[in-house]
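Residue numbering restarts at 1 for every chain, and letters A, B, ... go by the order of the sequence lines. Below, all heavy atoms of this structure are taken into account, side chains as well, without hydrogens, waters or symmetry copies.
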Amino acid sequence: MTLEQKLSQSAIEAIRALYGETVNESLTQLQKTKKEFEGHLTLVVFPFLKISRKNPEQTAQEIGQKLIEIEPAIASFNVIKGFLNLVIDTKVWIAMLQQISENGTFGIKTPTNDSKLVMIEYSSPNTNKPLHLGHVRNNLLGFSLAEIMKANGYNVVKTNIVNDRGIHICKSMLAWQKWGNGETPESSGLKGDHLVGKYYVVFDKEYKAQIKALMEQGQTEEVAKKNAPLILEAQAMLLKWEAGDDEVVALWKMMNTWVYAGFDVTYKKMGVDFDKIYYESETYLEGKGKVLEGLENGVLFQKEDSSVWADLTPNGLDEKLLLRGDGTSVYMTQDIGTAKLRFDDYPIDKMIYVVGNEQNYHFQVLALLLDKLGFSWGKDLVHFSYGMVELPEGKMKSREGTVVDADDLVEEMVATARETSQELGKLDGCTEEEAEAIATTVGLGALKYFILKVDPRKNMTFNPKESIDFNGNTGPFIQYTHARIRSVLRKAVDNGIAIDGAIATDLQLAEKEQNMVQLVANFESVVEEAGNTYSPAVIANYIYELVKEYNQFYHDFYIIREENEALRHFRLVLSKSVAQVIKSGMKLLGIEVPERM
RNA sequence: GGCCGAGUAGCUCAGCUGGAUAGAGCAACAGCCUUCUAAGCUGUGGGUCUUGGGUUCGAAUCCCAACUUGGUCACCA
């Protein structure tokens, strides 16, 4: 039980003793006391005025008196208007820090075999182009979310549904066949996904030229788009693929192999991974059975052309097509099929889809359909819907080559980190390998934190011309603080100062020190909140606040140089605990923290 | 047009389960390294929380409307 919960109970008790009424826990709002007032936690008494029938000041005084009597954790209190500021006994903070420092996994719950199973789908790339900044946001959010759910005691399966079939894949294939001259990753030195992406762009360029030519011959744009020879060829190729044509399938396999090799490199670099990968080429036929089953059960209905539909008008939505007249699947059908396979493979309690907000409607419909078709978790599926990453000039478009490439971006960030380190002369004593490892950690940390600190729902703009900052509210600032603390701890050990052992319980602590313990202790509830709201940003903002406070503390107080040994010990333990929480918290964001930088 | 988001400092964003004088960072300016890492710390300036109503002891936060902006409304995925 956290201190807040404990005090909340005490407040309820105090009110019952004073006014004979048991108030709901939701009314006892305890908030952190504002910096300009004395105290650690503040009880807002306005909600109790009806019960006390007294003015705010009197009510607060009475509750404060009562609390002092019944709650030993409270040392004193003061009242300002309707706010009852509670001062927590220093011994409570010391005991709390002692406990935290002895718990190597403070704030992190460990899943057991009985824990609920959460499956998180993220990444889900198309195999016709390399990953770009939009994917980076998806991957970082998905990975972080998985870490956060684990830390909340869930078993987590990370999954990726690779979109490896469809007309867009055929476009790259066709262009390569026509204009590739047998180019391979080996022959060109290009990363596989980049090579394939290059031909996706080639296709689009040639296709546009054909459309333009047809329009000059008098066709409307709409007609020209349908009649361009290239698109007709691509469609023919898709039909061949679906018919299992040897040549097309061989080409498809070869090019997909290139892409996967490229993706693997990018995933590894970003530090994300998956427990189970599904391929759409293997799942896209699966949904059909489930849909036909639904048709038999009368959940779905058939139209005259024998296409199958779901009627969602009772739910305030439209009718939704699930099987075409010719019996082939659409996107929704595939998602139903994938869901079926997943449910066969795992006892899923909760499913989280990390997919952009342009698909909000799709997932609203999917939830309803899965529920109708009998998936227990269907109705409660979570669409973790995040906003677009836009450039200053607007949306990124792969086909037009106006994208920020994931590999390039990571490379740039690492390079910047390297330069900054050199300029500051921080790594002079390090080997080449160590310096490079630190540059990678810091560069990636800057990128990941930059993306994860903002509310996922919001669109974000990224200006490639202004590089991501390394000062202020950034990943490197947090990493730096961690390195700084570790450095102090190393020095302590070097000087033969023990960091383990009990903290003296009769210390006088400065307000700043008490506040630091309070802030560190909050980590536990922050992790819970992040899990409940699926929000890496909550973690990021908390760590930033912690680190900012710590740097002020570091600046204003001696640690190793403190002459009072008991106090020095307290500060060392505090520092160690801050470092530990930084490390745990950053891990939830998928960000590593270095020992030195 | 229907439905779903978002609008807070010059810029990027916190705060949003209603609570005290709305907070950070960046950018600008002024300070702080012979002592634990200056990727740090301190200070100055910068706000009609889009607008208008409503609920409330109290609204950036909740409700309604308008405006701006993004998405979506395919037998594409």
So side-chain hydrogen bond (donor to acceptor under 3.5 Å, both in side chains) across residues 301-310 of chain A, not counting sequence neighbours, yields A:Lys303-A:Glu319, A:Asp305-A:Ser307, A:Ser307-A:Trp309
Contacts satisfying side-chain hydrogen bond (donor to acceptor under 3.5 Å, both in side chains) that involve residues 417-429 of chain A (not counting sequence neighbours) are A:Arg418-A:Glu436
Secondary structure of RNA chain B per the Watson-Crick/G-U criterion (both distances under 3.5 Å; [ ] crossing, | other strand, . unpaired) is (((((((..((((.....[...)))).(((((.......))))).....(((((..]....))))))))))))....
Taken in chain and number order and not counting sequence neighbours, the residues that satisfy ring-ring contact (aromatic ring centres under 6.0 Å, His included) with A:Phe77 are none
Sorted by chain and number, sequence neighbours left out, ring-ring contact (aromatic ring centres under 6.0 Å, His included) with A:Tyr122 holds for A:Phe274
| Is a salt bridge present between A:Asp494 and A:Arg490, judged by a nitrogen-to-oxygen distance below 4.0 Å? | no
- Query: Charged N to carboxylate O under 4.0 angstrom, A:Arg596 versus A:Glu434?
  - Reply: no
Which residues satisfy the salt bridge (Lys or Arg N to Asp or Glu O under 4.0 Å) test with [X], sequence neighbours excluded?
X: A:Glu280; answer: none
X: A:Lys54; answer: A:Glu62
X: A:Glu25; answer: none

Could you list, one pair per line, each protein nitrogen or oxygen that sits under 3.5 Å from a nitrogen or oxygen of nucleotides 16-18 of chain B, together with the distance?
none

Pairs: protein N or O with nucleotides 24-26 of chain B N or O, under 3.5 Å:
unit_1: B:A24; atom_1: O2'; unit_2: A:Tyr544; atom_2: OH; d: 2.7
unit_1: B:G25; atom_1: OP1; unit_2: A:Lys548; atom_2: NZ; d: 3.2
unit_1: B:G25; atom_1: O2'; unit_2: A:Asn473; atom_2: N; d: 3.4

For nucleotides 68-77 of chain B, 5' to 3', base contacts (B), sugar-phosphate-only contacts (S) and non-contacts (-) with protein non-hydrogen atoms under 4.0 Å give --SSSS-BSB
Distance col, row A:Asn315:CG vs A:Gln364:CD, nearest 0.5 angstrom, shows 9.0 Å
Closest to the side chain of A:Phe470, out of B:U37, B:A39, B:C13, is B:A39
Given the 90°-from-0 boundary between syn and anti, B:C11 should be labelled anti
Collect all protein-nucleotide pairs involving nucleotides 20-22 of chain B in which both atoms are nitrogen or oxygen and the distance is under 3.5 Å.
unit_1: B:A20; atom_1: OP2; unit_2: A:Lys34; atom_2: NZ; d: 3.3
unit_1: B:A20; atom_1: N6; unit_2: A:Thr42; atom_2: OG1; d: 2.9
unit_1: B:A20; atom_1: N6; unit_2: A:Asn85; atom_2: OD1; d: 3.1
unit_1: B:A20; atom_1: N1; unit_2: A:Asn85; atom_2: OD1; d: 3.3

| message | Check for me whether the distance between the ring centres of A:Phe203 and A:Tyr200 falls short of 6.0 Å. | response | no
